[in-house]
Number of protein chains: 2
Amino acid sequence: MEFDDKVPIYYQIEQYINREIIVGNLAPGDQVPAVRQLALTLTVNVNTIQRALAELIRDGILVSERGKGNFVTTDTAVLAQMKQRVIEDELAETYDHLAGLGMAPAEMVAALEGYIKERKEGGSHD
Amino acid sequence: MEFDDKVPIYYQIEQYINREIIVGNLAPGDQVPAVRQLALTLTVNVNTIQRALAELIRDGILVSERGKGNFVTTDTAVLAQMKQRVIEDELAETYDHLAGLGMAPAEMVAALEGYIKERKEGGSHD
DNA sequence: ACTAGTGTTCTAGTTTGCTATTACACCGCT
DNA sequence: AGCGGTGTAATAGCAAACTAGAACACTAGT
């Protein structure tokens with residue numbers, strides 16, 4: 001996995017797990033890959049995995065069972081809330097950044113539409 | 001100024017200066033506040049300011065004149081390019097994050113519109 | 001010359017994120 | 001009891017980001 005070296009890896013892993021849950025690659029009750037396995041596939045240290053999971057466990061997204069593994073909570077309310085929070089945070093960040101650039105809300109939407117269009121046509125985006 | 005402790009301060013200052021230029025608070029040829037002054041107003045060390053400015057100077061956004069100050073370049077082409085890059089980077093980041101959440105382009109636009117609407121009505125957003 | 005304002009550089013020290021490695025604790029199966 | 005899977009914890013070491021503080025270099029005005 002590729003990491004942005006401007007933000008802590010443990011934080012990016014948190015978001016990664018959240019995404020896997022939201023997209024459905026990890027369903028409620030599913031076991032998360034073992035910490036040592038995650039460390040291998042993400043090519044980071046076990047401690048870093050642990051740190052990321054610790055936050056998710058604290059938030060109730062994951063449930064840890066010693067000797068067995070880490071599992072996605074079956075509390076769908078918590079998961080739904082997480083999903084909403086993740087999306088809203090993303091939109092809020094975009095909004096704030098663009099507003100900081102002096103853009104009006106309508107312009108933001110137009111800019112995003114334009115970007116999507118460009119991206120479809122040009123295709124020359126990384 | 002408030003900083004996100006998840007990303008390096010010097011990087012956030014870079015973006016801050018870029019924003020000041022884009023919005024027009026800093027016009028081409030304008031002198032940027034003195035490094036010691038910036039350090040005070042942003043409550044950060046001079047070295048950190050220096051590091052942020054160094055990158056902007058390297059990119060040609062700012063021009064440094066020893067003994068006089070740092071100035072916004074008068075090369076409007078460079079500034080225009082910077083503005084475009086900043087905006088595009090922002091949109092690209094949003095796009096990638098939302099795509100990673102399984103969202104289709106049309107949904108992204110809808111989500112942003114929805115967020116803006118919520119924000120206008122509710123008003124209870126930090 | 002002096003002074004005040006500016007950018008520049010350097011050293012030392014702290015904190016944080018990450019790695020490597022080891023050890024420990026628990027579960028389930030045989 | 002033993003073994004192999006799992007999570008958990010602790011130590012030590014490294015590098016990056018930031019701070020504090022001092023010193024240096026240049027410019028402009030007196």
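Residue numbers begin at 1 in each chain, while the letters A, B, ... track the order of the sequences. Atoms considered below: every heavy atom in the structure, side chains included; atoms not considered: hydrogens, waters and symmetry mates.
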Next on the checklist: Please compare A/N45 and A/G69 by the position of their nearest nucleotide in DNA chain D and report the one closer to 5'.
Outcome noted: A/G69

Item to check | Among D/dT19, C/dT19, D/dG7, the nucleotide that comes nearest once only the side chain of A/V44 is considered | outcome: C/dT19

Checklist outcome for this item: To the nearest 0.5 Å, atom CD of A/E14 lies from atom CZ of A/R19 at 11.5 Å

Item to check | B/K68 side chain, from C-beta outward: closest of C/dA20, C/dA25, D/dT27 | outcome: D/dT27

Checklist entry - What is the distance from CZ of B/F71 to C1' of C/dG5, rounded to the nearest Å? => result 12 Å

Checklist entry - Could you give the NZ-to-P distance, from A/K6 to D/dA16, as a whole number of Å? => result 13 Å

Next on the checklist: What contact category does A/R36 fall into here, base, sugar-phosphate, or nothing, at under 4.0 angstrom with non-hydrogen atoms?
Outcome noted: base

Next on the checklist: With a 4.0 Å cutoff (strictly under), does any side-chain N or O of B/Y10 reach OP1 or OP2 of D/dC18?
Outcome noted: no

Checklist entry - Of A/A34 and B/Y11, whose nearest nucleotide on DNA chain D comes first from the 5' end? => result A/A34

Checklist entry - Whole-Å distance between D/dA17 C1' and B/I13 CD1? => result 12 Å

Checklist entry - What is the distance from CD1 of B/I9 to P of C/dG17, rounded to the nearest Å? => result 13 Å

Checklist entry - When all nucleic acid strands are considered with a 4.0 Å heavy-atom cut-off, which category describes B/N47: base, sugar-phosphate, or nothing? => result base

Checklist outcome for this item: Looking only at D/dT19, C/dT8, C/dC18, the nucleotide nearest the B/N70 side chain is C/dT8

Checklist entry - To the nearest Å, how far apart are B/I49 CD1 and D/dA17 P? => result 16 Å

Next on the checklist: Between A/E107 (side chain only) and A/A104 (backbone N and O only), is there a donor and an acceptor less than 3.5 Å apart?
Outcome noted: yes

Next on the checklist: Is there a path of hydrophobic side-chain contacts, each under 4.5 Å between heavy atoms of I/L/V/M/F/W/Y residues, joining A/I61 to A/V32?
Outcome noted: yes

Checklist entry - Which nucleotide sits closest to the side chain of B/S64: C/dG7, C/dG17, D/dT6? => result C/dG7

Checklist outcome for this item: Rounded to the nearest 0.5 Å, the OH atom of B/Y115 sits from the NZ atom of B/K120 at a distance of 12.5 Å

Next on the checklist: Is B/T48 close enough to D/dT19 that one of its side-chain N or O atoms is under 4.0 Å from OP1 or OP2 there?
Outcome noted: yes

Checklist entry - How many Å lie between CG on A/L40 and C1' on C/dT19, as a whole number? => result 14 Å

Checklist outcome for this item: Whole-Å distance, A/D5 CG to D/dA16 P, equals 10 Å

Item to check | Between C1' of D/dG7 and CZ of A/R66, the distance in whole Å | outcome: 6 Å

Checklist entry - Does A/E88 come within less than 4.0 Å of A/R85, counting only side-chain N to carboxylate O? => result no

Checklist entry - From the list C/dT6, C/dT9, D/dT8, which nucleotide is the closest neighbour of the side chain of B/Q50? => result C/dT9

